[in-house]
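The figures here come from the full heavy-atom set of this structure, side chains too, leaving out hydrogens, waters and symmetry mates. Just so it is clear: chains get the letters A, B, ... in the order the sequence lines come, proteins before strands, and each one is counted from 1.
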There are 2 protein chains.
Amino acid sequence: MSLSHALLALLDAGEMTGYELAKQFDQSADRVWHATHPQIYTELRRLESAGLVTARELPRGPKAKAVKRAYALTEAGSAELLRWVAEIEPPQRVRDVACLKATYFEYADPGTVRRQFESHRDHFREQQQRWERHVEQLRTRRTELLSRRLAVAPQEDHETIVAYKVHAYQGLVERARTEVAWAERGLALVDELEAQRRSRRAPR
Amino acid sequence: MSLSHALLALLDAGEMTGYELAKQFDQSADRVWHATHPQIYTELRRLESAGLVTARELPRGPKAKAVKRAYALTEAGSAELLRWVAEIEPPQRVRDVACLKATYFEYADPGTVRRQFESHRDHFREQQQRWERHVEQLRTRRTELLSRRLAVAPQEDHETIVAYKVHAYQGLVERARTEVAWAERGLALVDELEAQRRSRRAPR
DNA sequence: GTTCGCATGTAAGTAGTTACATGATTAA
DNA sequence: TTAATCATGTAACTACTTACATGCGAAC
């Protein structure tokens, strides 16, 4: 289960509350792994009872009428993170709605198919830009998480840390680019098929 | 939920038993959507009680000591399939273990990282070849499912049906290619980082 | 005084996995 | 006779989603 490891990995940059972790998941470009807040809070409690993280209760505001919980890695948590990174996992199963649906576009009229491809293209264009920005921020070491991480790591490791992260997000950029290209070829295909149909129905 | 629609789509090629459907999911290259057999049998029963498919009980073998159930689309099932194909769904959330892990490769030694990238590359090379073969079979109309589907569709639609399926699987080929390229750049990166480290530790 | 962002959760439900269980038929 | 393949399921569990619920503090 990768949510737990995503959390351990984020906590390696230092103490964070559930709320801050949730933000990393769904606001920033760091969300290589999607998770909702109920799942995150639940998982943090589980990690705590498994002894992989510890929680420190902090007052919220000066009146201390409510508390927040800041989580940090334990020794066991760090060890588990190391173990997981080295472990070779069975490849993930394919489960791709867009592709599944595209296999049956014959059932939809050309206008609808066009809208499907356009929405696919627009989505991945946006993703591509988002990830390109993130790669740029990593290169110039301007993300908050990376700064925190570099602050607690020895100087000589900095280059390696940055290089692997850049490579990972660069992969996402390429992937998004591939999807955009696929959608654009799809749009061209719709045009082509329509032209063929027209010429077949009214030959000269 | 896309499993139900994957099943409806497969059944559009004609009557099939749960066992045959399960084979389409995990044996053939058609598995754009992964599912295990318990899930498939359960879902078929659900589709049946929802009135989207009907089951016909057939004897298994001549002695008729056991039965199998052949499922077919109902009117409502076909309608639902059409509705689903035209519907524009919210984009899927990213949840990528390989990428998540790659972000933290700094924690592993170069040998381990190399093995990770190699296994990624090998997996997607195999996927790429599998999908290339499948595209070829679709082009020459030699897959069983496609033959069945073409047999029940009007002649003038054949080209469109084949074209969209080829496009969908061609997309998977490109995606696999992108992953292979990413892993190969990863391997180059490991070498580069190691060379840098060596030269820094022993300058000339 | 009300809206926005911070902060934390529960509860009910759906989707998907893994292990267990059974038994028929076919080909070597 | 034994192994492989056909064929169908249940049960227990984990992962994830959605809706509901609460309350503080700051700024306008």
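Taking a cutoff of 4.0 Å between a charged side-chain nitrogen and a carboxylate oxygen, Glu80(B) and Arg83(B) qualify as a salt bridge. Between Glu106(B) and Lys165(A) a salt bridge is recorded (basic side-chain N to carboxylate O distance below 4.0 Å).
Between His34(A) atom NE2 and dC16(D) atom C1' there is a gap of 8 Å when expressed in whole angstrom units. Rounded to whole Å, atom P of dC16(D) lies 5 Å from atom CZ of Arg95(B). The separation between Gln39(B) atom CD and dC16(D) atom C1' is 13 Å, rounded to whole Å. Computed from coordinates, the Ile40(A) CD1 to dT18(D) P distance equals 14 Å when rounded to whole Å. We find that CD of Glu57(A) is positioned 21 Å from P of dC6(C), with the value rounded to whole Å. Separating the CZ atom of Phe25(A) from the C1' atom of dT8(C) is a distance of 17 Å, rounded to the nearest angstrom. Atom P of nucleotide dC6(C) and atom CG of Leu21(A) are separated by 14 Å, given to the nearest angstrom. Note: CZ (Arg93(A)) to C1' (dG16(C)) measures 10 Å, nearest angstrom.
Side chains of Thr74(A) and Thr54(A): a donor-acceptor N/O pair is absent below 3.5 angstrom, by distance only. Side-chain contact check for Glu89(B) and Trp84(B): at least one donor-acceptor pair (N or O, by modelled atom type) lies under 3.5 Å.
Residue Glu75(A) qualifies as open at atom CD: its count of foreign heavy atoms under 6.0 Å is 12 or below.
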Let me check something: any side-chain donor-acceptor pairs from residues 122-129 of chain B under 3.5 Å, sequence neighbours excluded? List them with distances.
residue, atom, partner, partner atom, Å
Arg125(B), NH2, Glu184(B), OE2, 3.0
Gln128(B), NE2, Glu132(B), OE2, 3.1

Atom pairs, protein N/O to nucleotides 5-9 of chain D N/O, distance under 3.5 Å:
residue, atom, partner, partner atom, Å
dC6(D), OP2, Tyr19(B), OH, 2.6
dA7(D), OP1, Lys68(B), NZ, 2.9
dA7(D), O4', Arg60(B), NH1, 3.2
dT8(D), OP1, Arg69(B), N, 2.9
dT8(D), OP2, Tyr19(B), N, 2.8
dT8(D), OP2, Tyr41(B), OH, 3.0
dT8(D), O4, His37(B), NE2, 3.3
dG9(D), OP1, Arg45(B), NE, 3.4
dG9(D), OP1, Arg45(B), NH2, 2.0
dG9(D), O6, His37(B), NE2, 3.0

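Not less than 6.0 angstrom separates the ring centroid of His5(A) from the ring centroid of Trp33(A).
Checking Arg46(A) against Thr36(A), the closest nucleotide of DNA chain D that is more toward the 5' end is the one next to Arg46(A).
Rounding to the nearest 0.5 angstrom, the gap separating the CD atom in Glu144(B) from the CD atom in Glu20(B) is 7.5 Å.
Using cut-offs of 30° and 60° for the angle between ring planes, the His167(A) and Phe117(B) rings count as perpendicular.
The overall bend of the helix from dG1(C)-dC28(D) to dA28(C)-dT1(D), read as the angle between its terminal helix axes built from five base pairs each, is 20° when rounded to 10 degrees.
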